[in-house]
Amino acid sequence: MASLNSYKLRCSIPGHEMDVRGLASAVFPEGAFVSVSRDRTGRVWVPNSSPDQGFTEMHSMSGHSNFVSCVCIIAPSETYPRGLIATGGNDNNICVFTMDQSQPLFTLTGHKNTVCTLSSGKFGTLLSGSWDTTAKVWLNEKCMMTLQGHSAAVWAVVILPEQGLMLSGSADKTIKLWKAGRCEKTFTGHEDCVRGLAVISNIEFFSCSNDTSIRRWLVTGECVQVYYSHTNYIYSLAVFPNGQDFISTGEDRTLRIWRQGECSQTIRLPAQSVWCCCILPNGDIAIGASDGIIRVFTEAEDRIASAEDLQAFEDELAKTTIDPKTGDFGDIKMEDLPGREHLVEPGNRDGQTRLIKDGQKVEAYQWSVSDDRWMKIGDVVGGSNQQTSKNVMYEGKEYDYVFTIDVNEGGPSMKLPYNVSEDPWLTAHNFLQKNDLSPMFLDQVANFIIENTKGHVVGPAQPAGGDPFTGKTHEHSSPINNLLMLRDHTLLYSAGGGAYSSAALRQTATNIYFPKTDGVTFEQANSSQIIAKVKELNGGAPPEHKLSEEILESLQRLLVSVSEPNSSMSPPSIQEISVLWKASHWPEDLVFPILDIMRLAVRHPQVNETLCGEAEGVQLCNHLLSLMRPEGRPANQMLALRTLCNCFSGRHGRALLMAQRETVLSHAADLATICNKNIHVALATLLLNYAGCLHGQPDLEAKAQCLSVASRALETVQDKEAVFRLLVALGTTVASDQTAQDLARSLGVNSQISKYSSVSDPSKVAECCQLVLKELQ
């Protein structure tokens, strides 16, 4: 590096529409670099000659069907003297581009899940790492070997200068050294997932981790130094040409510059996740973040941004809001904080943070050595500094109200604590669950709270008689939309405490949404309308497709027996089920009412066993998937999805769908792009049912697919019910599973769903979103 000057902003590049997940310095043109993003594109940026010292987009690359998560440059060769660009994506593919083309030169397929890291070596070798727990070595458009040995996602790979040596870092907390496709050594020491690797020399490398540390290793196995400064996950590393100094970025909103083994400068960014970084040939630093903006920093005086741009950057930083749980502020007590006079004293080191009280606000400042002043880096929100007027003690805590509730005359009374900032419906549910009371009392208790707090309610109150989860009245709620199904249905209806302790009840009472482990089905039925539609379509069908009266009567008998449990009809016979199966192959422009009968029928144990059993199950799956083709008819797509959802109601259906999971979810995910809310609700429900079956299971690959499909769906789904079910699916997938949580974080789920945390109608969307975000902290 030219000097020990501090880095300052050179320019901001707002080219991408979503998170920037990867950066790489290009060989050509001079000074150029490549970025990739969740917006599914890669972009080549070249320095321009304008006074603002910025960059111009040379061209945009597309080729991935899902978002792009990593990029690397393949060194120049005789065939490609300008080098190649390789990108990995959540479509499980690697696309390889020339420097001047927007479409891939070729695509590498073979990974079974997201390709999240790439590294290139000599002779055109490419190394990839994936959520499928493997790394793959590619050469001449072919996979030469698969490196197997990690027990969790491979999030980082690098090829060492010495030929044949490769490194992989994983969510299993280990780093492995590979030679000729065989694991030679396993490095242990990190206490959490390994997120990044960077080569120092033939014999040394750096690693960074979710455990907030950076480690320096010898390839012989020794960890020679550990660096601490970050306060949250560290996502990326890059080494300066001197082989000693380096940079790092992470979830604590910072870029940190390390010189001579010490963090010499901390640059805060107005974005929560600083995903990636690279060092340009002139020593400038490019970083990509969750706000979709690339920022370039320089220590060269002639490339520093104008005073106006520097001030605009500082103003943007000052306006950010900081959750203390994601920073290094600890527990905040407003009464203990000093005022602005505390900013008169200089800081002790670059990047030091200080909190001050300004009226009822808490502001965060950072010390800048180069500017010799405190710079505001945001307002702190959501800490324990919120003042309340609580004055009633109950079980060691203060509440605004503590009500005495008499449920049974002559029986013991019960205490119901309540704060006006809480949702009265959620409080009522928690009270009923804690005391093993029937949910029939939900309306009565919630309305009692609303009435006796004289309207002091912060959260939106539901209308009397309304279901707080569907927003519909109980009299008119339809099972198809009813995702209420509280977490432990058996417990709620039991008369006694059972095997559950009150402590366990209190612990789970605040989350009524997930994990959701019992299947969600589509129950709504109007038998007479369905049969009338079959007969109407049959009347106009071509002669070769007309159904006989005998077939119509068989379908009607089966429909009544499966949809009207109190009818006098006998259970479905094998013959009737066979007729249904044959009728389901009616032409696609006629078949939708038959599919509706099948949707209802597969809930019946006899039908579930017959259609989903070992012999016929794969045929059923393939038939439904054929009706779900993206170019197919929306009614058929929706009803095929609903039928798959209802198959989860029986053990044969569950076994079938779990065995066919990869194919089913892959086909279902393609329907997320179709603009139809009923299809989106059915897709979200299917995903939720898979998540429920996988909860508590160690199947990382399956959970990774669920997370990937949910994340992909959330990019296009708008309907709030569908969004809610996707959030419950995400919550169920990550609940009590650290590895799944790490996978979700690396996918950027936090920033993707955060916009739903403030949805007011329906309130269940925000409540569930906040609980998922809490799981992912």
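Bear in mind the structure is a predicted one, so any value in this text is a computation, not a measurement.
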When you measure from the side chain of [X] to the backbone N and O of [Y], does any donor-acceptor pair fall under 3.5 Å?
X      : Y      : answer
Gln272 : Glu251 : yes
Ser25  : Phe33  : no
Arg40  : Ser65  : yes
Thr133 : Gln148 : no

Distance-only donor-acceptor check, side chains Gln752 and Ser711, under 3.5 Å: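 Yes, Ser711 and Gln752 have a side-chain donor paired with an acceptor closer than 3.5 Å.
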Could you give the distance from CG (Leu237) to CD1 (Ile214), rounded to the nearest 0.5 Å?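 Reported to 0.5 Å precision, the distance equals 5.0 Å.
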Check the surroundings of atom [atom1] in [X]: do more than 12 heavy atoms from other residues, nucleotides or ligands lie under 6.0 Å from it?
X      : atom1 : result
Glu191 : CD    : no
Arg82  : CZ    : no
Glu57  : CD    : yes

Between Phe246 and Trp258, how do the two ring planes meet: parallel, tilted or perpendicular, split at 30° and 60°? parallel
With a 4.5 Å limit on heavy-atom distance, are the side chains of Val158 and Phe205 in contact? no
Do Leu694 and Thr733 touch side chain to side chain, with heavy atoms closer than 4.5 Å? no
